[in-house]
Amino acid sequence: MTSVTDTAPARPAFRLTRAFQGLERLVVPVVLIAGWEAFARSGMLPPALLPAPSAVLHALGDWVFGFDETTQTYSGHWLRDALASALRVFGGFALASLLGILAGVAIGWSRLFEKTLEPTLQMLRPIPPVSWIPLAIIWFGIADKPAIFLVFLGAFFPVLMNSIHGVKTVDHNLVRAGAMMGANGRQMLTDIVLPAALPSIFAGLRIAVGSAWMLTVTAEMVAVKSGLGYVLWDSYYFLRYDIVLAAMISIGLLGYLSDLGLKAIMARTLRWQQATTVQGRAG
Amino acid sequence: MAAIELRNIVKVFSDKRRGRDLLTLDNINLDIEANDFVCLLGPSGCGKSTLLNIIAGFEQATSGRTLVDGKQVERPGSDRGVVFQQPTLMPWLTAIDNIAFHLKLKGVAKAERYDRAMESIDLVGLRGFEHHHPSEMSGGMNQRVGIARALLMNPSVILMDEPFAALDAQTKLEMQEELVAIWQKRRSTIVFVTHSVDEALVLGNKIVVMTKRPGRIREAVNFDLPRPRDITSPEFNDAKRHILSLIREESTRLAQAS
Ligand SMILES: Nc1ncnc2c1ncn2[C@@H]1O[C@H](COP(=O)(O)OP(=O)(O)OP(=O)(O)O)[C@@H](O)[C@H]1O
Ligand SMILES: [Mg+2]
């Protein structure tokens, strides 16, 4: 492509945007990391207090692959730690999703459940999940259970609220159409109300998976002796800020991946919605 | 015994937000015989959809009795197929799944469902779109899915709320012919809401003209012109003149009243 043609002016610009599109999501992180590296190396703060990104990467690398034991006892144990946290997230999140959707649909659909169940739940909702830690520990001891319980508390309410909202905003003409076609009570819920409420339920699940990661780390700081949160807090006692940061990055990354996974499931499940939504424009 | 009996139907919507009540249907009395094709004509807002909703069982009349096949209407049921004024399809289902939805509720296997729904797809001219979602089809196409859905249920009573309003002239003509053919074949009872005097006279053998709000029945006209109907024939025009005069009287009466 050396000759200049009539269409030439348009094409390089087009290619530039194409090339940029792949990289656009990297711009902000690269600028941030470069600035941080420069600042850390300038010596304005002692390296122990603000490790350079390169040091953090080093710690993370050793934690994952165990090449030079700079992370000492954690060296090479990242997978085990990440798995421990991920299982707690998964356990608490799964439980919260199941019960949140069940309770949300019940409250959204039935006046009886709305009157009996909702006030109690709405009163429990403003209590910060963290404040349950003392009770969680005396009830469940120091193990996975209190952690899963906290994750559950954090993930349950977003699912609940969005499920209630989703059911309450179902187009009542769809319910009429269902009744006209002879749907019984159960079919009305499973074949009409639930699918119609699904977009809203998914919005709740995505908020919930974020809360789940936040809370598993909190729980691991106090109630468990394993997982990314435990490593984070333990490293803090030994002033290993490089590992603290490596743990933070790991949590962020895993949280991001969980959300991506959920988003993919949502895109598949809600494909019917795409032609009518703003989101559908891009694809 | 008529197929549908409406006895002293009164419907009042209580408007809590504005703190007043709205009398929408005022003492409606109507007998619809089995195999009648009734066209309901009336100005916008006179309560045609409301009346249909009461027969369908979606709404309860404030007072009065609604009987279908001699039984008091208490809830919706698949003996009364409804074509809604808005298509009202399940947006997460494809055209064919929407059409065959009542079969799914009955637990009919997928192959058979699709087999039977395909016939209806052809009937409304949507072959090639059976696996499209409502969001991927036009308003008129969605409306035809809604029509196919109600027809496949093969109900004894079909309630249709301006089903052809969103269709072009050509498709409308075809659908009108199809509907008449189906009605003649199945001998079902149809209540068909429309704004168009011509449409009412092409389709119906009984034309019910309603007054402006609060809705009352102005007159029920029997119209037994043989089919296919010639819309240029003197009989057609006589009937049209009569219906139009009813509507015109109504508007002059209102003008004098105000
Ligand atoms: N759910 C409701 N709550 C309060 N008022 C209502 C309700 N449904 C209908 N109405 C009122 O009842 C009147 C009749 O409404 P309806 O939908 O039956 O009219 P329509 O004859 O079908 O009109 P159109 O030809 O425009 O469809 C209107 O004035 C409307 O405002
Ligand atoms: Mg209407």
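All values below were derived from every heavy atom in this structure, side-chain atoms included, with hydrogens, water molecules and symmetry-related copies excluded. Below, chains carry the letters A, B, ... as their sequence lines are ordered, and counting in each starts from 1.
- In this structure, B:Leu67 and B:Arg65 have side chains that are in contact, with non-hydrogen atoms separated by less than 4.5 Å.
- Residue contact with chain A, scored on non-hydrogen atoms closer than 4.5 Å, involves the side chain of B:Arg149 exclusively.
- A:Glu220 and A:Ser85 are linked by a side-chain donor-acceptor pair at a separation below 3.5 angstrom, with hydrogens and angles left out of the test.
- A salt bridge is defined here as a Lys NZ or Arg NE, NH1 or NH2 lying under 4.0 Å from an Asp or Glu carboxylate O, and B:Arg127 with B:Asp122 meets this definition.
- Taking 4.5 Å as the limit, every side-chain heavy atom of B:Val38 sits out of range of all side-chain heavy atoms of B:Phe192.
- For B:Asp97 and B:Thr94, the side-chain atoms include at least one donor-acceptor pair closer than 3.5 Å.
- For the options B:Asn53, B:Val82, B:Leu103, heavy-atom pairs under 4.5 Å to chain A are most numerous at B:Val82.
- In terms of heavy-atom pairs under 4.5 angstrom with chain B, the leader among A:Leu198, A:Leu174, A:Asn173, A:Asp171 is A:Leu174.
- Ring pair A:Trp272/B:Trp92 is perpendicular by interplanar angle, where above 60° counts as perpendicular and below 30° as parallel.
- When heavy atoms are compared at a cutoff of 4.5 Å, B:Phe58 approaches chain A by way of both its backbone and its side chain.
- Contact of B:His133 with chain A is made through the side chain alone, with heavy-atom distances under 4.5 Å.
- The heavy-atom pair separating B:Pro155 from B:Asp79 by the smallest distance is CB-O, 3.3 Å.
- Using a 4.5 Å cut-off between heavy atoms, B:Met90 contacts chain A through both its backbone and its side chain.
- Of all residues in residues 175-192 of chain A, those placing a non-hydrogen atom less than 4.5 angstrom from a non-hydrogen atom of chain B are A:Arg176, A:Ala177, A:Gly178, A:Ala179, A:Met180, A:Met181, A:Gly182, A:Ala183, A:Gln187, A:Asp191, A:Ile192.
- A salt bridge between B:Glu5 and B:Arg7 is present, with a side-chain N of the basic residue lying under 4.0 Å from a carboxylate O of the acidic one.
- Looking at B:Leu93, neither its backbone nor its side chain comes within 4.5 Å of chain A, counting heavy atoms on both sides.
- Judged by distance alone, the side chains of B:Ser49 and B:Gln85 do bring a donor and an acceptor atom under 3.5 Å apart.
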